[in-house]
Protein chains: 2
Amino acid sequence: MSKVLNDLIESLKCLPGVGPKSATRMAYYLLQRDPNGAKNLANSILNSFKLLGKCKSCNNFCETTICDLCLDQSRDNSVLCIIEMPTDLLMFEQTHSYDGLYYILMGRLSPLDGIGPKELDMNSLYERCKDENIQEIIIATNFTKEGDATSTFITELVKDLNKKISRIARGMPSGSEIEYTDTGTLAQAISERKNIN
Amino acid sequence: MSKVLNDLIESLKCLPGVGPKSATRMAYYLLQRDPNGAKNLANSILNSFKLLGKCKSCNNFCETTICDLCLDQSRDNSVLCIIEMPTDLLMFEQTHSYDGLYYILMGRLSPLDGIGPKELDMNSLYERCKDENIQEIIIATNFTKEGDATSTFITELVKDLNKKISRIARGMPSGSEIEYTDTGTLAQAISERKNIN
(Lines give C-alpha, C1' and ligand atoms only; values in the text may rest on other atoms or scores of the structure.)
Protein backbone atom coordinates (compact mmCIF):
# COMPACT_ATOMS: atom_id res chain seq x y z
CA MET A 1 0.00 0.00 0.00
CA SER A 2 1.12 3.57 -0.71
CA LYS A 3 3.06 5.09 2.20
CA VAL A 4 1.02 8.29 2.14
CA LEU A 5 -2.22 6.31 2.29
CA ASN A 6 -0.84 4.13 5.05
CA ASP A 7 0.11 7.24 7.03
CA LEU A 8 -3.44 8.52 6.66
CA ILE A 9 -4.89 5.23 7.94
CA GLU A 10 -2.45 5.11 10.86
CA SER A 11 -3.19 8.69 11.84
CA LEU A 12 -6.97 8.07 11.80
CA LYS A 13 -6.43 5.40 14.45
CA CYS A 14 -5.72 8.17 16.98
CA LEU A 15 -9.48 8.84 17.10
CA PRO A 16 -11.24 7.16 20.05
CA GLY A 17 -13.13 4.01 19.04
CA VAL A 18 -11.43 3.77 15.64
CA GLY A 19 -9.51 0.54 14.93
CA PRO A 20 -7.62 -0.62 11.81
CA LYS A 21 -10.75 -1.62 9.86
CA SER A 22 -12.66 1.60 10.54
CA ALA A 23 -9.56 3.68 9.87
CA THR A 24 -9.13 2.03 6.46
CA ARG A 25 -12.80 2.61 5.59
CA MET A 26 -12.56 6.23 6.71
CA ALA A 27 -9.39 6.88 4.71
CA TYR A 28 -10.86 5.57 1.47
CA TYR A 29 -14.14 7.30 2.17
CA LEU A 30 -12.40 10.65 2.58
CA LEU A 31 -10.29 10.17 -0.56
CA GLN A 32 -13.12 8.94 -2.78
CA ARG A 33 -16.29 10.52 -1.51
CA ASP A 34 -15.57 13.59 0.56
CA PRO A 35 -12.37 15.46 -0.33
CA ASN A 36 -13.90 18.77 0.77
CA GLY A 37 -15.02 17.38 4.10
CA ALA A 38 -11.56 15.92 4.63
CA LYS A 39 -9.70 19.16 3.90
CA ASN A 40 -12.17 20.98 6.08
CA LEU A 41 -11.49 18.51 8.89
CA ALA A 42 -7.73 18.97 8.57
CA ASN A 43 -8.08 22.75 8.73
CA SER A 44 -10.49 22.61 11.66
CA ILE A 45 -8.03 20.51 13.64
CA LEU A 46 -5.13 22.87 12.91
CA ASN A 47 -7.33 25.89 13.67
CA SER A 48 -8.43 24.43 16.99
CA PHE A 49 -4.90 24.12 18.22
CA LYS A 50 -4.03 27.56 16.92
CA LEU A 51 -7.05 29.41 18.34
CA LEU A 52 -8.37 27.52 21.35
CA GLY A 53 -7.12 28.24 24.84
CA LYS A 54 -8.63 27.65 28.26
CA CYS A 55 -11.10 29.96 29.99
CA LYS A 56 -9.38 31.58 33.02
CA SER A 57 -12.55 31.20 35.00
CA CYS A 58 -13.98 27.73 34.22
CA ASN A 59 -11.15 25.93 32.38
CA ASN A 60 -13.30 25.13 29.31
CA PHE A 61 -11.88 25.45 25.79
CA CYS A 62 -12.55 28.86 24.28
CA GLU A 63 -11.03 31.47 21.97
CA THR A 64 -11.17 34.28 24.52
CA THR A 65 -9.66 34.84 27.99
CA ILE A 66 -13.03 34.28 29.66
CA CYS A 67 -15.65 32.15 27.90
CA ASP A 68 -19.14 33.31 26.93
CA LEU A 69 -20.84 31.16 29.54
CA CYS A 70 -18.78 32.68 32.39
CA LEU A 71 -19.47 36.20 31.09
CA ASP A 72 -23.22 35.59 30.69
CA GLN A 73 -24.93 38.06 33.08
CA SER A 74 -28.21 36.14 32.98
CA ARG A 75 -26.66 33.15 34.75
CA ASP A 76 -26.74 32.70 38.50
CA ASN A 77 -23.20 33.52 39.68
CA SER A 78 -23.85 32.37 43.24
CA VAL A 79 -23.64 28.67 42.34
CA LEU A 80 -20.53 26.89 41.05
CA CYS A 81 -20.80 23.36 39.67
CA ILE A 82 -17.55 21.36 39.63
CA ILE A 83 -17.37 18.77 36.86
CA GLU A 84 -14.70 16.49 35.43
CA MET A 85 -14.96 17.08 31.70
CA PRO A 86 -16.26 19.61 29.13
CA THR A 87 -18.63 16.93 27.81
CA ASP A 88 -20.24 16.85 31.27
CA LEU A 89 -20.96 20.58 30.88
CA LEU A 90 -22.79 19.89 27.61
CA MET A 91 -24.92 17.27 29.39
CA PHE A 92 -25.81 19.71 32.19
CA GLU A 93 -26.77 22.39 29.68
CA GLN A 94 -28.99 19.93 27.83
CA THR A 95 -31.04 19.30 30.98
CA HIS A 96 -32.07 23.01 31.14
CA SER A 97 -32.14 22.46 34.93
CA TYR A 98 -29.08 24.48 35.90
CA ASP A 99 -28.25 28.09 35.22
CA GLY A 100 -25.23 28.63 37.49
CA LEU A 101 -21.54 28.61 36.62
CA TYR A 102 -19.12 25.74 36.12
CA TYR A 103 -15.57 24.76 36.95
CA ILE A 104 -14.05 21.96 34.85
CA LEU A 105 -11.37 19.87 36.55
CA MET A 106 -10.23 18.37 33.22
CA GLY A 107 -9.91 14.98 34.86
CA ARG A 108 -10.27 13.33 38.25
CA LEU A 109 -7.91 12.30 41.01
CA SER A 110 -6.40 8.98 40.01
CA PRO A 111 -3.17 8.20 41.89
CA LEU A 112 -2.61 4.99 39.87
CA ASP A 113 -2.43 7.07 36.69
CA GLY A 114 -0.23 9.65 38.39
CA ILE A 115 -2.98 12.26 38.57
CA GLY A 116 -2.89 13.96 41.97
CA PRO A 117 -4.11 17.33 43.32
CA LYS A 118 -1.19 19.09 41.64
CA GLU A 119 -1.92 17.69 38.18
CA LEU A 120 -5.57 18.77 38.47
CA ASP A 121 -4.44 22.21 39.69
CA MET A 122 -6.56 22.15 42.85
CA ASN A 123 -5.07 25.54 43.84
CA SER A 124 -6.90 27.19 40.93
CA LEU A 125 -10.10 25.48 42.03
CA TYR A 126 -9.62 26.80 45.58
CA GLU A 127 -8.98 30.33 44.28
CA ARG A 128 -12.11 30.10 42.12
CA CYS A 129 -14.23 28.90 45.07
CA LYS A 130 -13.01 31.85 47.20
CA ASP A 131 -14.93 34.25 44.91
CA GLU A 132 -17.29 36.18 47.23
CA ASN A 133 -20.25 35.84 44.83
CA ILE A 134 -20.24 32.08 45.19
CA GLN A 135 -22.53 30.84 47.93
CA GLU A 136 -22.91 27.20 46.95
CA ILE A 137 -20.47 24.71 45.49
CA ILE A 138 -22.09 21.74 43.74
CA ILE A 139 -19.76 18.78 43.25
CA ALA A 140 -20.72 16.84 40.15
CA THR A 141 -17.81 14.50 39.56
CA ASN A 142 -18.71 11.05 38.25
CA PHE A 143 -20.10 8.37 40.54
CA THR A 144 -17.06 6.19 40.03
CA LYS A 145 -14.41 5.40 42.63
CA GLU A 146 -12.14 8.15 41.31
CA GLY A 147 -15.01 10.62 41.02
CA ASP A 148 -16.13 9.93 44.60
CA ALA A 149 -12.55 10.28 45.87
CA THR A 150 -12.22 13.57 44.00
CA SER A 151 -15.49 14.76 45.56
CA THR A 152 -14.23 13.91 49.06
CA PHE A 153 -10.95 15.68 48.38
CA ILE A 154 -12.71 18.85 47.17
CA THR A 155 -15.08 18.82 50.16
CA GLU A 156 -12.06 18.82 52.50
CA LEU A 157 -10.27 21.42 50.39
CA VAL A 158 -13.02 24.05 50.39
CA LYS A 159 -14.70 23.43 53.76
CA ASP A 160 -12.76 26.28 55.45
CA LEU A 161 -14.45 28.73 53.06
CA ASN A 162 -17.69 28.18 55.02
CA LYS A 163 -19.88 27.90 51.94
CA LYS A 164 -22.67 25.47 51.24
CA ILE A 165 -21.25 22.39 49.58
CA SER A 166 -23.49 19.87 47.85
CA ARG A 167 -23.18 16.74 45.75
CA ILE A 168 -25.66 15.99 42.98
CA ALA A 169 -28.04 13.21 44.05
CA ARG A 170 -26.96 9.65 43.48
CA GLY A 171 -30.09 9.06 41.45
CA MET A 172 -28.06 7.37 38.79
CA PRO A 173 -26.76 3.82 39.17
CA SER A 174 -23.37 3.76 40.94
CA GLY A 175 -20.45 3.29 38.56
CA SER A 176 -22.16 5.11 35.65
CA GLU A 177 -20.73 8.22 33.99
CA ILE A 178 -22.48 11.57 33.54
CA GLU A 179 -21.69 11.81 29.86
CA TYR A 180 -23.78 8.74 29.07
CA THR A 181 -26.79 9.39 31.31
CA ASP A 182 -30.20 10.35 29.93
CA THR A 183 -31.09 13.97 30.62
CA GLY A 184 -34.16 13.11 32.75
CA THR A 185 -32.09 11.17 35.26
CA LEU A 186 -29.46 13.89 35.36
CA ALA A 187 -32.10 16.61 35.82
CA GLN A 188 -33.44 14.72 38.84
CA ALA A 189 -29.97 14.35 40.26
CA ILE A 190 -29.44 18.13 40.01
CA SER A 191 -32.75 19.04 41.68
CA GLU A 192 -32.32 16.49 44.49
CA ARG A 193 -28.78 17.42 45.38
CA LYS A 194 -27.96 16.76 49.04
CA ASN A 195 -26.19 19.04 51.47
CA ILE A 196 -23.04 17.34 52.73
CA ASN A 197 -21.55 19.77 55.23
CA MET B 1 -19.96 26.63 22.69
CA SER B 2 -16.86 28.17 21.10
CA LYS B 3 -17.22 28.57 17.31
CA VAL B 4 -13.82 27.01 16.63
CA LEU B 5 -14.70 23.97 18.74
CA ASN B 6 -18.11 23.73 17.09
CA ASP B 7 -16.42 23.81 13.66
CA LEU B 8 -14.17 20.95 14.73
CA ILE B 9 -17.13 18.86 15.88
CA GLU B 10 -19.08 19.60 12.69
CA SER B 11 -16.12 18.70 10.49
CA LEU B 12 -15.59 15.38 12.30
CA LYS B 13 -19.12 14.41 11.28
CA CYS B 14 -17.89 14.00 7.69
CA LEU B 15 -16.30 10.69 8.75
CA PRO B 16 -18.43 7.63 7.94
CA GLY B 17 -20.27 6.28 10.99
CA VAL B 18 -19.63 9.37 13.09
CA GLY B 19 -22.71 11.19 14.44
CA PRO B 20 -23.03 14.25 16.72
CA LYS B 21 -22.25 12.37 19.95
CA SER B 22 -19.16 10.58 18.60
CA ALA B 23 -17.94 13.77 16.93
CA THR B 24 -18.17 15.65 20.24
CA ARG B 25 -16.29 12.89 22.06
CA MET B 26 -13.62 12.79 19.36
CA ALA B 27 -13.16 16.57 19.39
CA TYR B 28 -12.61 16.75 23.16
CA TYR B 29 -10.45 13.64 23.06
CA LEU B 30 -8.17 15.20 20.44
CA LEU B 31 -7.94 18.51 22.29
CA GLN B 32 -7.34 17.02 25.74
CA ARG B 33 -5.56 13.75 25.23
CA ASP B 34 -3.90 13.57 21.85
CA PRO B 35 -2.82 16.93 20.40
CA ASN B 36 0.07 15.29 18.54
CA GLY B 37 -2.14 12.62 17.03
CA ALA B 38 -4.61 15.29 15.98
CA LYS B 39 -2.01 17.49 14.26
CA ASN B 40 -0.58 14.39 12.65
CA LEU B 41 -4.04 13.48 11.35
CA ALA B 42 -4.56 16.96 9.91
CA ASN B 43 -1.22 16.83 8.12
CA SER B 44 -1.82 13.30 6.82
CA ILE B 45 -5.12 14.38 5.32
CA LEU B 46 -3.58 17.41 3.62
CA ASN B 47 -0.61 15.32 2.45
CA SER B 48 -2.88 12.67 0.97
CA PHE B 49 -4.64 15.15 -1.24
CA LYS B 50 -1.35 16.75 -2.23
CA LEU B 51 0.55 13.56 -3.03
CA LEU B 52 -1.91 10.83 -3.96
CA GLY B 53 -3.02 10.29 -7.53
CA LYS B 54 -4.45 7.26 -9.32
CA CYS B 55 -2.40 4.42 -10.79
CA LYS B 56 -2.66 4.54 -14.61
CA SER B 57 -2.87 0.79 -14.69
CA CYS B 58 -5.18 -0.31 -11.85
CA ASN B 59 -6.84 2.95 -10.69
CA ASN B 60 -5.74 2.52 -7.07
CA PHE B 61 -4.48 5.47 -5.04
CA CYS B 62 -0.70 5.87 -5.23
CA GLU B 63 2.05 8.49 -5.26
CA THR B 64 3.55 7.32 -8.56
CA THR B 65 2.24 6.98 -12.13
CA ILE B 66 2.06 3.19 -11.82
CA CYS B 67 1.63 1.62 -8.38
CA ASP B 68 4.02 -0.87 -6.77
CA LEU B 69 1.61 -3.76 -7.10
CA CYS B 70 1.23 -3.27 -10.87
CA LEU B 71 5.03 -3.00 -11.26
CA ASP B 72 5.72 -6.10 -9.15
CA GLN B 73 7.41 -8.58 -11.52
CA SER B 74 6.71 -11.50 -9.21
CA ARG B 75 2.96 -11.23 -9.80
CA ASP B 76 1.11 -13.13 -12.49
CA ASN B 77 0.36 -10.57 -15.19
CA SER B 78 -1.84 -12.96 -17.17
CA VAL B 79 -4.78 -12.56 -14.79
CA LEU B 80 -6.72 -9.37 -14.17
CA CYS B 81 -9.20 -9.15 -11.31
CA ILE B 82 -11.86 -6.46 -11.61
CA ILE B 83 -13.10 -5.11 -8.29
CA GLU B 84 -15.29 -2.25 -7.15
CA MET B 85 -13.23 -0.61 -4.42
CA PRO B 86 -9.66 -0.33 -3.10
CA THR B 87 -10.83 -1.92 0.16
CA ASP B 88 -11.79 -5.03 -1.87
CA LEU B 89 -8.17 -5.23 -3.05
CA LEU B 90 -6.98 -5.29 0.56
CA MET B 91 -9.36 -8.17 1.28
CA PHE B 92 -8.06 -10.16 -1.73
CA GLU B 93 -4.47 -9.60 -0.66
CA GLN B 94 -5.27 -10.79 2.84
CA THR B 95 -6.49 -14.15 1.50
CA HIS B 96 -3.00 -14.87 0.02
CA SER B 97 -4.93 -16.80 -2.66
CA TYR B 98 -4.41 -14.49 -5.61
CA ASP B 99 -1.21 -13.17 -7.12
CA GLY B 100 -2.48 -11.62 -10.35
CA LEU B 101 -3.20 -7.97 -11.13
CA TYR B 102 -6.21 -5.82 -10.34
CA TYR B 103 -8.40 -3.20 -11.92
CA ILE B 104 -10.46 -1.05 -9.57
CA LEU B 105 -13.71 0.33 -10.96
CA MET B 106 -14.06 2.84 -8.10
CA GLY B 107 -17.74 2.11 -7.89
CA ARG B 108 -20.44 0.03 -9.57
CA LEU B 109 -23.07 0.69 -12.22
CA SER B 110 -26.01 2.27 -10.46
CA PRO B 111 -28.35 4.10 -12.84
CA LEU B 112 -30.53 5.36 -9.96
CA ASP B 113 -27.52 7.21 -8.54
CA GLY B 114 -26.56 8.47 -12.00
CA ILE B 115 -23.55 6.16 -12.28
CA GLY B 116 -23.42 4.69 -15.77
CA PRO B 117 -20.64 3.18 -17.96
CA LYS B 118 -19.26 6.65 -18.66
CA GLU B 119 -18.94 7.62 -14.98
CA LEU B 120 -17.07 4.36 -14.26
CA ASP B 121 -14.86 4.98 -17.33
CA MET B 122 -15.55 1.59 -18.89
CA ASN B 123 -13.40 2.64 -21.88
CA SER B 124 -10.30 2.58 -19.68
CA LEU B 125 -11.29 -0.87 -18.43
CA TYR B 126 -11.67 -2.07 -22.02
CA GLU B 127 -8.25 -0.68 -22.97
CA ARG B 128 -6.72 -2.35 -19.91
CA CYS B 129 -8.31 -5.72 -20.78
CA LYS B 130 -6.92 -5.49 -24.35
CA ASP B 131 -3.36 -5.89 -22.95
CA GLU B 132 -1.91 -8.92 -24.72
CA ASN B 133 -0.43 -10.36 -21.51
CA ILE B 134 -3.87 -10.78 -20.00
CA GLN B 135 -5.37 -14.19 -20.62
CA GLU B 136 -8.06 -14.28 -18.00
CA ILE B 137 -10.37 -11.63 -16.62
CA ILE B 138 -11.83 -12.37 -13.19
CA ILE B 139 -14.89 -10.31 -12.35
CA ALA B 140 -15.11 -9.76 -8.60
CA THR B 141 -17.75 -7.10 -8.21
CA ASN B 142 -19.98 -7.46 -5.15
CA PHE B 143 -22.85 -9.97 -5.13
CA THR B 144 -25.42 -7.22 -4.88
CA LYS B 145 -27.90 -6.22 -7.59
CA GLU B 146 -25.62 -3.43 -8.79
CA GLY B 147 -22.51 -5.63 -8.61
CA ASP B 148 -24.19 -8.39 -10.62
CA ALA B 149 -25.42 -5.87 -13.20
CA THR B 150 -21.89 -4.44 -13.45
CA SER B 151 -20.53 -7.97 -13.92
CA THR B 152 -23.01 -8.64 -16.74
CA PHE B 153 -22.11 -5.33 -18.38
CA ILE B 154 -18.38 -6.06 -18.24
CA THR B 155 -18.87 -9.58 -19.63
CA GLU B 156 -20.65 -8.09 -22.65
CA LEU B 157 -18.07 -5.33 -22.98
CA VAL B 158 -14.99 -7.55 -23.14
CA LYS B 159 -16.35 -10.70 -24.79
CA ASP B 160 -15.06 -9.64 -28.26
CA LEU B 161 -11.50 -9.80 -26.88
CA ASN B 162 -11.83 -13.61 -26.83
CA LYS B 163 -10.26 -14.04 -23.41
CA LYS B 164 -11.31 -16.30 -20.62
CA ILE B 165 -13.79 -14.44 -18.41
CA SER B 166 -14.68 -15.72 -14.97
CA ARG B 167 -16.69 -14.65 -11.97
CA ILE B 168 -15.57 -15.51 -8.44
CA ALA B 169 -17.75 -18.27 -6.99
CA ARG B 170 -20.94 -17.28 -5.26
CA GLY B 171 -19.76 -19.05 -2.15
CA MET B 172 -20.75 -16.07 -0.08
CA PRO B 173 -24.38 -15.37 0.82
CA SER B 174 -26.09 -13.32 -1.87
CA GLY B 175 -26.40 -9.64 -0.92
CA SER B 176 -23.18 -9.59 1.10
CA GLU B 177 -20.22 -7.35 0.31
CA ILE B 178 -16.62 -8.41 -0.22
CA GLU B 179 -15.24 -5.93 2.23
CA TYR B 180 -17.02 -7.60 5.14
CA THR B 181 -16.48 -11.26 4.25
CA ASP B 182 -14.15 -13.49 6.22
CA THR B 183 -11.01 -14.35 4.28
CA GLY B 184 -11.67 -18.13 4.26
CA THR B 185 -14.94 -17.69 2.41
CA LEU B 186 -13.36 -15.25 -0.01
CA ALA B 187 -10.41 -17.59 -0.63
CA GLN B 188 -12.85 -20.36 -1.57
CA ALA B 189 -14.71 -18.02 -3.86
CA ILE B 190 -11.47 -17.21 -5.69
CA SER B 191 -10.39 -20.83 -6.12
CA GLU B 192 -13.85 -21.97 -7.27
CA ARG B 193 -14.40 -19.24 -9.82
CA LYS B 194 -16.63 -20.34 -12.70
CA ASN B 195 -16.07 -19.78 -16.42
CA ILE B 196 -18.94 -17.75 -17.83
CA ASN B 197 -18.21 -17.44 -21.55
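Quick note on labels: first sequence line is chain A, next is B, and so on, each numbered from 1.
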Open item on the list: With a 4.5 angstrom heavy-atom cut-off, is it the side chain or the backbone of Lys21(A) that approaches chain B, or both, or neither?
Closed with: side chain

Open item on the list: Is Leu30(B) in contact with chain A via its backbone, its side chain, both, or neither, using a 4.5 Å heavy-atom distance?
Closed with: both

Task: Asp99(A) CG: over 12 foreign heavy atoms closer than 6.0 Å - done: yes

Task: Contact summary for Ser2(B) and Leu52(A), nearest pair of heavy atoms - done: OG-CD2, 3.3 Å

Task: Separation between CG of Asn47(B) and NZ of Lys3(A), rounded to the nearest 0.5 Å - done: 8.5 Å

Task: Over all atoms of both residues, closest heavy-atom pair of Ile45(A) and Lys39(B) - done: CG2-N, 4.3 Å

Open item on the list: Taking side chain as everything from C-beta outward and backbone as N, CA, C, O, which of these in Phe61(B) sits under 4.5 Å from a heavy atom of chain A? Side chain, backbone, both or neither.
Closed with: both

TODO: Report the option among Leu5(B), Asn36(B), Asn43(B) that has the most heavy-atom pairs separated by less than 4.5 Å from atoms of chain A.
DONE: Leu5(B)

TODO: Work out which heavy atom in Thr87(B) is nearest to a heavy atom in Tyr28(A); give both atom names and the distance.
DONE: CG2-CD1, 3.4 Å

Task: Interface moiety of Met106(A) toward chain B, non-hydrogen atoms closer than 4.5 Å - done: both

Task: Close side-chain approach of Leu12(A) to Leu15(B), heavy-atom, < 4.5 Å - done: yes

Open item on the list: For Arg25(A) versus Pro16(B), what's the shortest heavy-atom pair and its separation?
Closed with: NH2-CB, 4.1 Å

Open item on the list: Using 0.5 Å steps for rounding, measure from the CG atom of Leu8(B) to the CG atom of Asn40(A).
Closed with: 10.0 Å

Task: For the student: nearest non-hydrogen atoms of Ala38(B) and Cys14(A), plus distance - done: N-SG, 4.2 Å

TODO: Let me know if Leu90(A) has heavy atoms under 4.5 Å from chain B in its side chain, its backbone, both or neither.
DONE: side chain

Open item on the list: Under a 4.5 Å cutoff for heavy-atom pairs, which residue among Leu46(B), Leu31(B), Leu89(B), Thr24(B) has the most contacts with chain A?
Closed with: Leu31(B)

TODO: For Ser48(B) and Val4(A), work out which heavy atoms get closest and say how close.
DONE: CA-CG1, 3.6 Å

